[in-house]
Structures are given as structure tokens and as C-alpha cells.
**Q** 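Have a look at this one before I ask anything.
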Amino acid sequence: DCAMSELGGEKGVAGAGDDHPSQLREAIDSGRCFLVYQPIVSLDDGRLVGAEALVRWDHPVHGVLPPDAFIPLAERTGLIVPLGRFVFADACRQFAAWDARHGAAAPAVLNINVSPRELREADYAGFVAETLTLHAVDPARIVLEITESMALTLGPATATLERLRALGLRISLDDFGTGSSTLRLLHDCPVDEVKLDRSFTQAPASPSGEGRPPVAAAVIQLAQALRLHAVAEGVETPEQAEQLRSLGYRSAQGYHFARPVPAAQLTEWMTDRAP
Ligand code: C2E
Ligand code: CA
Ligand code: CA
Ligand code: CA
């Protein structure tokens, strides 16, 4: 049922850990998996409006591995469940710590990636509720991201999304626009946000469309019509940022603003930019 694993998965380091799922289990238990955070900024004034938590594995032999090198393995073996719980809990812990220390300069929302496999666990919403309570995090400040291709495999787990929304969390469709039934999914899946896939953020403007990148333009119109928040990801140049801003995007992330960084560096980022 995980046939729709992310395109191009396991490209980071050829099959790292593939022969030894136990290595990943051990890494989760011994704290060798950790989170980095990428700022999400306002296109109007560059203000930090949020952050996305992205997992890494500090592998004893291969060094720090990107998620594409081990998430597909985790999904196949079910290790995504304990890994995802670590990610959610650690992200909430960090988020609460930033809030306590930095107040208004801290990110207003935190985006966390989640796999359908996790949503299919009977007690997932319960786990989320408990963890938010433990860290006294307002559910309205958490956005759960599901890739569009993965959301197609949700089936009955769509009900879990409804439960999570009832708790107050928001749901984002990641890599938006890359799926084959985007409109169907918007109709079937309870979502609050779409994240424009970086292939569209970076697409050259079409000469016929007054120099506007066509899919990015269509997606913001769709989002506005459906009253969904839209975030553009993979912004690498000031030109792209300006294009998106003029199309109506309010927030974005990408190397142009900041790369994903360890928590301590995001803390510095906040301190440097404190109002
Ligand atoms: P994603 O959610 O689409 O995350 C964005 C990816 O694009 C990140 O790669 C980020 O480093 C990269 N990126 C950000 N800005 C730019 C840019 O301007 N240009 C380019 N070329 N790339 C940019 P990363 O961290 O390697 O994550 C890859 C994917 O792994 C994520 O894609 C997400 O689907 C998955 N993933 C990451 N963390 C988790 C997790 O905790 N749980 C689950 N289930 N999946 C995760
Ligand atoms: Ca994401
Ligand atoms: Ca994405
Ligand atoms: Ca992706």
C-alpha cells in the first residue's frame, strides 16, 4: 500500500541502511535522528512566519543522510511510525522552547511532515493530542504536511485528518500540483493549505502569459477560490520571490531565504531578526 513512495526516493546515498533496517531502529532509539528547520517567510516583508521540520540521520559510516535516503525504507518497514513519533514530539518540544524564549520572534507556525502510514495507526490523533498537551502547544499552530501523491493512498485514513482538524491542527498538501488527480484530491481530502511544488516555483515564465509562470499562477487562483493558504517552496532567486509575491503568494520557503538549519541556528536567525 506504500507503492506511491516519493518519486526518486533513496537517491541520496545508494540504499544506505537498506540491508539493515535495524540500524535505523537503533538510530531512532539512540538519538542519531535529528531535526533541522527551514524558515518560511512572508513575501511581503521577509518576516519569519513559520518553519518546517525536516529529519536527518547522522549515520556512523555515511555521515548525515537526507530523508530521501531512509524515509522510503522507514515506510516499507513500518519504522516510519516510531520515526514519525520522534519527529512530532521533538518538533513540539523545540517549538515550545522557542516560544518560551523568543515570544513574538519565534515562528508562529510549525510545519511537520507526516506519512499516510502514520495516519493509519488507530491512535495517531490520540498521540498527537497527548503530545501537544505535554508541551502545551496550541494545535492551531501546527500544520501537518502530506505529499499530494501520498494523500491519494489515504483511503479510510482520511477520517484521521478530520479528527486532527477537529483538534485544531491544519493540513497541508505538499508538492502540490505534481499529482495526477489534484482537483479530485482537493475535493476528497480535508485540507487547509497547499505547498506549490518547487518544480513550478522554478518554472520559467511563459512568454504568452505576460511573463507569469503558468502553474504557479493557476495554483494561487485555485487556492484563493477555495480559501486555502498557499505556500511556494523551492524559492532560489529574488526574481522568483518577486514573481510569486506579485501573483498573490503571501509566504514562501527556499534557499533564497534560508536553507534548513539545526535548531540552534534558527534560534540565531530569530535573535538577529528580532523586531
Ligand atoms: P519536502 O517536504 O518537499 O521538503 C522540502 C525539501 O526541499 C527539503 O529537502 C529541503 O531541504 C529542500 N529545499 C528547500 N528549499 C529548497 C530550494 O530552494 N531549492 C531546492 N532545490 N531544494 C530546497 P529534504 O530535507 O532533503 O527533504 C526531502 C523530503 O523528505 C521532504 O520533502 C519530505 O517529503 C521528506 N521528509 C523530510 N522530513 C520528514 C519527516 O520528518 N517525515 C516524513 N514522513 N517525511 C519527511
Ligand atoms: Ca514538506
Ligand atoms: Ca514539498
Ligand atoms: Ca518532496
Side-chain angles (χ1 to χ4, degrees), residues 2 4-13 16 24 27-28 33-41 50-57 64-92 94-95 109-121 124 128 142-151 153-154 170-179 191 193-203 219 230-241 244 251-262 265-266:
C2 287
M4 305 209 59
S5 69
E6 259 205 297
L7 288 174
E10 284 167 83
K11 64 190 174 229
V13 169
L24 179 56
I28 299 165
C33 290
F34 65 98
L35 295 176
V36 292
Y37 297 87
Q38 184 172 34
I40 301 173
V41 305
E52 177 178 3
L54 295 158
V55 70
R56 300 287 181 264
W57 174 5
V64 175
L65 297 177
D68 289 350
F70 59 91
I71 293 279
L73 166 73
E75 274 164 353
R76 278 200 309 278
T77 56
L79 284 172
I80 193 69
V81 172
L83 179 62
R85 289 189 182 208
F86 159 74
V87 166
F88 190 84
D90 202 51
C92 286
Q94 182 62 66
F95 191 48
V109 300
L110 188 64
N111 285 41
I112 301 173
N113 295 284
V114 53
S115 293
R117 179 73 177 70
E118 298 173 68
L119 296 172
R120 279 193 213 107
E121 293 288 295
Y124 187 72
V128 164
I142 301 291
V143 180
L144 291 179
E145 299 192 6
I146 308 168
T147 59
E148 195 192 354
S149 61
M150 289 289 209
T153 71
L154 272 178
R170 283 178 277 169
I171 309 298
S172 177
L173 277 184
D174 200 355
D175 299 351
F176 187 74
T178 56
V191 298
E193 177 181 282
V194 294
K195 286 188 94 172
L196 181 72
D197 189 69
R198 69 166 175 263
S199 60
F200 303 122
T201 296
Q202 299 171 357
V219 166
V231 182
E233 65 180 5
V235 177
E236 292 184 354
T237 69
E239 291 76 22
Q240 287 163 1
L244 293 158
S251 46
Q253 69 191 103
Y255 296 166
H256 169 58
F257 305 106
R259 294 195 172 238
V261 294
Q265 254 170 279
L266 192 72

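Indexing begins at 1, ligand by ligand and atom by atom, following the structure's order. These values consider heavy atoms only, across backbone and side chains, with no hydrogens, waters or symmetry-generated copies.
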**Q** Which part of Val235 is near ligand 1, with near meaning a heavy atom under 4.0 Å away: side chain, backbone, both or neither?
**A**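 Backbone only; the side chain of Val235 stays clear of ligand 1.
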**Q** Is ligand 1 less than 4.0 angstrom away from at least one heavy atom of Glu75?
**A**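 Judged by the 4.0 Å heavy-atom criterion, Glu75 does not count as contacting ligand 1.
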**Q** Among the N/O/S atoms of Asp175, which is closest to the Ca ion (ligand 3)? Give the atom name.
**A**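 That would be atom OD1.
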**Q** Number the atoms of ligand 1 from 1 as they appear, then name those within less than 4.0 Å of a heavy atom of Arg56, with their elements.
**A**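 Those of ligand 1 that fall under 4.0 Å from Arg56 are 24 (P), 25 (O).
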**Q** Taking the side chain as every heavy atom from C-beta outward, state whether Val114 and Phe88 have any atom pair closer than 4.5 Å.
**A**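 SC-SC contact between Val114 and Phe88 ruled out.
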**Q** Start with the C-alpha gap between Trp57 and Leu24, add the side-chain angles, then the distance that decides, and say whether side chain to side chain contact (heavy atoms under 4.5 Å, CB included) holds.
**A** CA-CA 8 Å; Trp57 174 5; Leu24 179 56; 3.7 Å; yes
**Q** Would you mind telling me if ligand 1 is within reach of the side chain of Asp174, the backbone, both or neither, using heavy atoms under 4.0 Å?
**A**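 Within the 4.0 Å criterion, Asp174 contacts ligand 1 through side-chain atoms alone.
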**Q** Is the closest basic N to carboxylate O distance between Arg170 and Glu193 below 4.0 Å?
**A**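 No salt bridge links Arg170 with Glu193.
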**Q** When you look for heavy atoms under 4.0 Å from ligand 1, do you find them on the side chain of Val87, its backbone, both, or neither?
**A**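 It is the side chain that touches ligand 1; the backbone stays farther off.
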**Q** Does NZ or CZ of Arg259 fall inside the cone over Tyr255's six-membered ring, less than 6.0 Å from its centre and within 45° of the axis?
**A**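 Flagged: Arg259 positioned over aromatic ring of Tyr255.
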**Q** Taking 3.0 Å as the cut-off, does an N/O/S atom of Thr147 lie below it from the Ca ion (ligand 2)?
**A**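 Coordinating: no.
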**Q** Looking only at heavy atoms, is any part of Ile71 under 4.0 Å from ligand 1, and if so is it the side chain, the backbone, or both, or is it neither?
**A**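 Side chain only; the backbone of Ile71 stays clear of ligand 1.
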**Q** With carbon and hydrogen excluded and only N/O/S kept, which atom of Asp174 is nearest the Ca ion (ligand 3)?
**A**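 For Asp174, the N, O or S atom at the smallest distance from the Ca ion (ligand 3) is OD1.
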**Q** Who's closest to atom 17 (C) of ligand 1 heavy-atom-wise, of Phe257, Phe70, Phe88, Tyr255?
**A**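 The option holding the nearest heavy atom is Tyr255.
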**Q** Do Ile71 and Leu83 have side-chain heavy atoms sitting under 4.5 Å apart?
**A**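 Side chain of Ile71 against side chain of Leu83, heavy atoms only: contact under 4.5 Å found.
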**Q** Below 4.0 angstrom from a heavy atom of Asp68, which ligand 1 atoms are there? Numbered from 1 as shown, please.
**A**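 Near Asp68, the atoms of ligand 1 are 28 (C), 29 (C), 30 (O).
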**Q** In this structure, which one of Val55, Leu54, Ile112 forms a side-chain contact (heavy atoms from CB on, under 4.5 Å) with Leu35?
**A**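 The option that passes is Val55.
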**Q** Answer yes or no: is there a side-chain heavy-atom contact under 4.5 Å between Phe86 and Cys33?
**A**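 In contact.
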**Q** Considering only NZ, NE, NH1 and NH2 on the basic side and carboxylate oxygens on the acidic side, decide whether Glu52 and Lys195 come within less than 4.0 Å.
**A**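 Yes, charged N to carboxylate O under 4.0 Å.
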**Q** With a 4.5 Å cut-off on side-chain heavy atoms, are Val143 and Ile171 touching?
**A**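 Contact flag for Ile171/Val143 side chains = no.
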**Q** Could you tell me if Ser172 and Glu145 have a donor-acceptor pair between their side chains, going purely by distance under 3.5 Å?
**A**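 Side-chain D/A pair, Glu145 to Ser172: absent.
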**Q** Does ligand 1 have any atom that is closer than 4.0 Å to a heavy atom of His256?
**A**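 No heavy atom of His256 comes that close to ligand 1.
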**Q** Check whether any heavy atom of Glu236 sits under 4.0 Å from an atom of ligand 1.
**A**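 Yes, that is the case, since the closest heavy atom of the residue is under 4.0 Å from the ligand.
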**Q** For ligand 1, is Gly84 a contact, meaning one of its heavy atoms is under 4.0 Å away?
**A**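 Gly84: no contact with ligand 1 (<4.0 Å).
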**Q** Does any N or O of ligand 1 fall below 3.5 Å from an N or O anywhere on Asp175, backbone included?
**A**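 Between Asp175 and ligand 1 (N or O atoms, distance only) the closest approach is under 3.5 Å.
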**Q** Heavy atom to atom 7 (O) of ligand 1, shortest distance: which of Arg198, Lys195, Arg259, Glu233 holds it?
**A**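 When every heavy atom of Arg198, Lys195, Arg259, Glu233 is considered, Arg198 comes closest to atom 7 (O) of ligand 1.
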**Q** Name of the Glu233 N, O or S atom nearest the Ca ion (ligand 3)?
**A**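 Atom name returned: OE2.
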**Q** Which of the numbered atoms in ligand 1 are under 4.0 angstrom from any heavy atom belonging to Pro260?
**A**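 Those qualifying, in numeric order: 11 (O).
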**Q** Purely on distance, is any nitrogen or oxygen of Leu35 under 3.5 Å from one on ligand 1?
**A**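 No; every N/O pair is 3.5 Å or more apart.
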**Q** I'd like to check which ligand 1 atoms, numbered from 1 as shown, lie under 4.0 Å from a non-hydrogen atom of Gly234.
**A**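 In order of numbering, the contacting atoms are 16 (C), 17 (C), 18 (O).
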**Q** With respect to the Ca ion (ligand 3), please indicate if Glu145 possesses an N, O or S atom at a distance under 3.0 Å.
**A**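 It does not: Glu145 brings no N, O or S atom closer than 3.0 Å to the Ca ion (ligand 3).
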**Q** Are Tyr124 and Val81 packed together at the side-chain level, in the sense that at least one heavy-atom pair is separated by less than 4.5 angstrom?
**A**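 Result no, sub-4.5 Å side-chain heavy-atom pair not found.
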**Q** Measuring only between side-chain heavy atoms, which start at C-beta, is Val235 closer than 4.5 Å to Phe257?
**A**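 Yes, close enough: below the 4.5 Å cut-off.
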**Q** Which residue, Arg198, His256, Gln202, forms the side-chain hydrogen bond (donor to acceptor under 3.5 Å, both in side chains) with Glu236?
**A**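 Of the listed residues Arg198, His256, Gln202, the side-chain hydrogen bond (donor to acceptor under 3.5 Å, both in side chains) partner of Glu236 is Gln202.
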**Q** Which residue from Arg117, Gln38, Gln240 reaches closest to atom 14 (C) of ligand 1 through any of its heavy atoms?
**A**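 Nearest option to atom 14 (C) of ligand 1, by heavy atoms: Gln38.
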**Q** Is any side-chain heavy atom of Val231 less than 4.5 Å from a side-chain heavy atom of Leu196?
**A**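 Val231 vs Leu196: side chains apart.
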**Q** So if I count the atoms of ligand 1 from 1 in the order they appear, which ones are less than 4.0 Å from some heavy atom of Glu52?
**A**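 Those qualifying, in numeric order: 2 (O), 4 (O).
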**Q** Looking only at N, O or S atoms, find the one in Glu52 nearest to the Ca ion (ligand 2) and name it.
**A**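 Result: OE2.
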**Q** Counting C-beta onward and ignoring hydrogens, is there a side-chain heavy-atom pair between Asp197 and Glu233 closer than 4.5 Å?
**A**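 The answer is yes, as the side chains (C-beta and beyond) meet within the 4.5 Å cut-off.
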**Q** Regarding atom 24 (P) of ligand 1: of the candidates Pro66, Ser115, Pro67, which has the closest heavy atom?
**A**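 Closest candidate by heavy-atom distance is Pro67.
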